[in-house]
S.K.: 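So that we are looking at the same thing, I have put the structure below in structure tokens.
Any value given below was found using the heavy atoms of this structure, including those in side chains, with hydrogens, waters and symmetry copies removed. Naming: A, B, ... by sequence-line order, numbering from 1 per chain.
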Number of protein chains: 2
Amino acid sequence: MARPPRFDTDQLLDAAVALAAAGGPAAVTMSAVAQAVGAPSGSVYHRFAGRPALLAEVWLRTVERFQRGYLAVLDGEPDPHRAARAGSRYVVAWSRENPREAALLLYGAADFGRADWSGEHTARADSGNGRVFATVSGLALALGATDEQARDRVTVALVDLPLSVVRRHLRAGTVLPPHAESLAEECTAALLA
Amino acid sequence: MARPPRFDTDQLLDAAVALAAAGGPAAVTMSAVAQAVGAPSGSVYHRFAGRPALLAEVWLRTVERFQRGYLAVLDGEPDPHRAARAGSRYVVAWSRENPREAALLLYGAADFGRADWSGEHTARADSGNGRVFATVSGLALALGATDEQARDRVTVALVDLPLSVVRRHLRAGTVLPPHAESLAEECTAALLA
DNA sequence: ACAGTATTGGAGACCGCTCTCCAATAAATT
DNA sequence: AATTTATTGGAGAGCGGTCTCCAATACTGT
């Protein structure tokens, strides 16, 4: 019924991921993506309404891919301490397997122009964040964290700390050391003890 | 001997800090800085050789201001455990007092165009990082960290973890909760126990 | 074979940013 | 008062990025 596409959406987003990992969100321009896959700029604008839409899609695809596996790990383990350790380890392992996409996540949605996103895109972002927040809150409750500081501590242990372990390596573009998974797991366990 | 300056270097750098805190490194353009202080673009180019030089100066001034106090705290306390706790607390307290400059430090030198810096600027950056690295290494030794994983754990406890505590609040532009200092201190202590 | 349609391919207007250049200006020195 | 010098003030060229627009294209269903 129509001419088959030579450049599909995922191919363009893959190029955008590579550009962002190498040069930050600012390097993700419509022309750079077009040039990276050898497409004319018209093809890029055919799939994305504009640069904000492209940035939103590349951010959301990446963060949703990560969250899917992360939530599966946290929900798949009934014991909260073991769930926390597995989650921490998962963050590092996922970053090792997907270094370019992990480098993206070290930035924030704001760096990807969240202020210019459409309502649908911001809603998708909020929805994903809400699911993670709910799961972490449930885990914090199971761990007996009642006051705000204790809940913040669980958040640090589950989310921020494993990201810290990988941050310096990803930013430098070097591979993660072999012991990174166990380091993150031990640190998380130490915070929850 | 000459006409007195209406716009001095620190004034321009202050404007650059505000712009970076609000919109990231990409928002720090020569014209934006000029417009922020009401100066013509010529005045900005009179003080900075170009955009890379401006970005280098704003990054280095900020990171050096932070490191000065941080190293003083770490070196001022002979007991390594107490030094670590004090350092962790200092990171949070400094961020509370200097939210815009702290928001800068959440980015990396690479985001401020380190690749385009002059030799002098990269040398300054390396020198500061080297001093911090030396101090943290000395502290790790005093804490009995022998293998690489143990030393990484000290680095996480001293540097990455307190930064994680403040990251989400700074990125969101909200004030740090009152218990942030003690949260960071307790987490650091837990990792070093 | 034919018509319909999504997609390509690229030209070009528009805009903001970088950087250069130079005359005008205002203090300090003699 | 004359001279010197750092700085201001702003105009404008050049460049790269965004976005629009439209003809050409290549495939699908009938």
S.K.: Without hydrogens or angle criteria, can the side chains of B:S182 and B:H179 be said to hold a donor-acceptor pair below 3.5 Å?
M.R.: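 Checked: B:S182/B:H179 side chains show no N/O donor-acceptor pair below 3.5 Å.
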
S.K.: Kindly state which residues belonging to residues 19-36 of chain A come within less than 4.0 angstrom of DNA chain D, counting heavy atoms of the residue only, listed by number.
M.R.: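 Correct list: A:T29, A:M30, A:S31.
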
S.K.: Quick one: does A:F48's side chain get under 4.5 Å of A:T9's, heavy atoms only?
M.R.: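 A:F48 reaches A:T9 side chain to side chain.
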
S.K.: How are the rings of B:Y107 and B:F112 set relative to one another: parallel (under 30°), tilted (30 to 60°) or perpendicular (over 60°)?
M.R.: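 The arrangement is perpendicular - the two ring planes meet at more than 60°.
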
S.K.: Side chains of A:T135 and A:R131: donor-acceptor distance under 3.5 Å anywhere?
M.R.: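 There is no such pair (donor and acceptor under 3.5 Å, judged by atom type) between the side chains of A:T135 and A:R131.
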
S.K.: Over how many whole Å does the gap from A:R3 atom CZ to D:dA26 atom P extend?
M.R.: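 In whole Å, D:dA26 P lies 6 Å from A:R3 CZ.
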
S.K.: Where the side chain of B:P4 is concerned, which of C:dA27, D:dA26, D:dT8 is the nearest nucleotide?
M.R.: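 Of the options given, the side chain of B:P4 lies nearest C:dA27.
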
S.K.: Report yes or no: does B:R85 contribute a side-chain atom to a donor-acceptor pair with the main-chain N or O of B:A189 at less than 3.5 Å?
M.R.: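 Checked: no pair found.
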
S.K.: Between A:R6 and C:dG9, does any side-chain N or O lie under 4.0 Å from OP1 or OP2?
M.R.: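 For C:dG9, OP1 or OP2 has a side-chain N or O of A:R6 closer than 4.0 Å.
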
S.K.: Could you report the tightest heavy-atom contact between A:L161 and A:A157, atom names first, then the distance?
M.R.: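 Answer, listing the atom of A:L161 first, then A:A157: CB-O, 4.1 Å.
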
S.K.: Any side-chain heavy atom of B:E185 sitting closer than 4.5 Å to one from B:V165?
M.R.: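 No. Closest side-chain heavy atoms not under 4.5 Å.
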
S.K.: Counting C-beta onward and ignoring hydrogens, is there a side-chain heavy-atom pair between B:D116 and B:R51 closer than 4.5 Å?
M.R.: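 A side-chain contact under 4.5 Å is absent here.
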
S.K.: Strictly below 4.0 Å, heavy-atom distances to any atom of DNA chain D: list the hits from residues 42-52 of chain A, or just say none.
M.R.: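 Nucleic-acid contacts, sorted: A:Y45, A:G50, A:R51.
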
